[in-house]
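What follows is a single structure, written as structure tokens, with notes after it.
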2 protein chains.
Amino acid sequence: MILTEGHGQLAEVGYARFSARELAKRIGYSVGTLYNVFGSLDQLMLAINGVTLDGWRSYLQTRLLAAPPEDRLKTAISAYFEYAILNRHAWTAIYDFRLPEGVEAPDSYARKVEAIFDIVIVEIAAVLRPDRRDRAPALARSLLASVHGHCFFTINATFALLGEADPLGAAYARVSEAIEACNR
Amino acid sequence: MILTEGHGQLAEVGYARFSARELAKRIGYSVGTLYNVFGSLDQLMLAINGVTLDGWRSYLQTRLLAAPPEDRLKTAISAYFEYAILNRHAWTAIYDFRLPEGVEAPDSYARKVEAIFDIVIVEIAAVLRPDRRDRAPALARSLLASVHGHCFFTINATFALLGEADPLGAAYARVSEAIEACNR
DNA sequence: AAGATCAATTGAACATCGTCCAATAATTTA
DNA sequence: TAAATTATTGGACGATGTTCAATTGATCTT
């Protein structure tokens, strides 16, 4: 309940204007309680970003459920963009927020990231030649990065600045080429 | 001088811990002066990120000057990564910082981004079939996004978390495939 | 040289933030 | 019921972005 409200506030105002005090006000507790529960703002942010990751994974899964077999990859990429655009602030907060140097994210958080990654691995593997399926994880990582770049440049207006009219199409083209190259 | 010192502070402490008051202290002026000169923290950040963009472009150009003709693209991608890694904090600040909604970056800033983009266009065009050279701008935008994604996941530890051992190699593979596909 | 005009610079004041922690309230245990 | 444990509070602290009347410094006029 703290987390859903926190996620809500983050989605509204964005990472830069997110405030623990404001969240405390919204859930009807005092600031101190938030700190007793989470220990620090960093841990709270981590937990809220975890909610976003869960929602993102869930969105991808739902969209893929209704995807025609021949269009699953396109659906996955579209869903990636859609969630980011529909949840601009929460999505960008995943990348805006960084743990202090040296501190690394707990396993629970890493698993949420891996869960999204795993969805993509399956889809990539499905379109690879059977004897090349072992390349799916590495290819999925790389294509996830490519799609992320396209999505990020869409959301932070870099593409708009450069006059790119079809970021989604470009992302899909790059993914298709890579898979084709791997299957050749 | 304000800007170089500001860029220095940003490179040291990172965007999250950057402070106008601290910068004022470093340059021997008061906070108010900083605001008189730049109007707001946003404008100051924009100007400092502009310094980073200039440095980045300059780094790319320098590295390309010494690049063997057959390896120019690989050099460009490597240089992209190198600058980001060598200037973690300043580089990530380009993406951490965002203007308030509705406000867009001034032309001077857009031109700095385009300058980096233009460097890549030239290199892409050089490896495209002459009759496909018109695709260079769009392809450059897309490949820049792909490389950015790989670089970003390298720096924010997503790749480390996923066990990716060779992000640069992956980025280069994706770029090569796209160019090959375009030339086919 | 003195006075007047303009520009540059200051730093205190304000609201807000993350963080801490002794004090208080609520609940559980004995 | 009394004691012990847990949950919650909210004021205090230092630091932040931002503003702006007051001050200093420079330039020009006469």
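Lettering of chains follows the sequences in order, A, B, ..., and the numbering in each one begins at 1. All values reported here derive from a predicted model rather than from experimental measurement.
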remark   = Between OH of A:Tyr29 and P of D:dG10 the distance, given in whole Å, is 13 Å

task = Could you tell me whether the phosphate oxygens of D:dT8, OP1 or OP2, come under 4.0 Å of any side-chain nitrogen or oxygen in A:Ser30?
result = no

ask   = Is the closest side-chain donor-acceptor distance between B:His89 and A:Glu101 under 3.5 Å?
value = yes

ask   = Rounded to whole angstroms, how far apart are CZ on B:Arg17 and P on D:dT16?
value = 11 Å

key: Nucleotide nearest B:Ala20 (side chain, heavy atoms from C-beta), chosen from D:dG17, D:dT9, C:dT10   = D:dG17

request  = For DNA chain D, find the residues of residues 36-50 of chain A with a heavy-atom distance under 4.0 Å and give them by number; none if there aren't any.
outcome  = A:Asn36

With 3.5 Å as the limit, what N/O pairs link the protein to nucleotides 13-16 of chain C?
unit_1	atom_1	unit_2	atom_2	d
C:dA13	N6	B:Arg21	NH2	3.4

query = Which residues pass the salt bridge (Lys or Arg N to Asp or Glu O under 4.0 Å) test with A:Glu104, sequence neighbours left out?
reply = none

request  = Let me know the distance between CG of B:Leu23 and P of D:dA15, rounded to the nearest Å.
outcome  = 17 Å

remark   = Rounded to whole Å, CD of A:Glu22 lies from P of C:dC17 at a distance of 7 Å

message = Quick test of your reading of the model: are B:Arg174 and B:Glu177 salt-bridged, counting only N-O distances below 4.0 Å?
response = yes

ask   = Can you tell me how far the NE2 atom of A:His150 sits from the CG atom of B:Leu144, to the nearest 0.5 Å?
value = 9.5 Å

Side chains of B:Ser40 and B:Asp42, donor plus acceptor under 3.5 Å = no

message = Which residue is it: A:Phe152, A:Phe153, A:Phe159? I am looking for the one with a side-chain contact (heavy atoms from CB on, under 4.5 Å) to A:Pro167.
response = A:Phe159

Distance, nearest 0.5 Å, that separates CH2 of B:Trp56 from CD1 of B:Ile94 = 5.5 Å

ask   = Which listed nucleotide (D:dT9, D:dT19, C:dT10) is nearest to the side chain of B:Tyr35?
value = D:dT19

ask   = Whole Å only: how far is the CD1 atom of B:Ile27 from the P atom of C:dA8?
value = 15 Å

ask   = Atom NZ of B:Lys25 to atom C1' of D:dG17: distance rounded to whole Å?
value = 14 Å

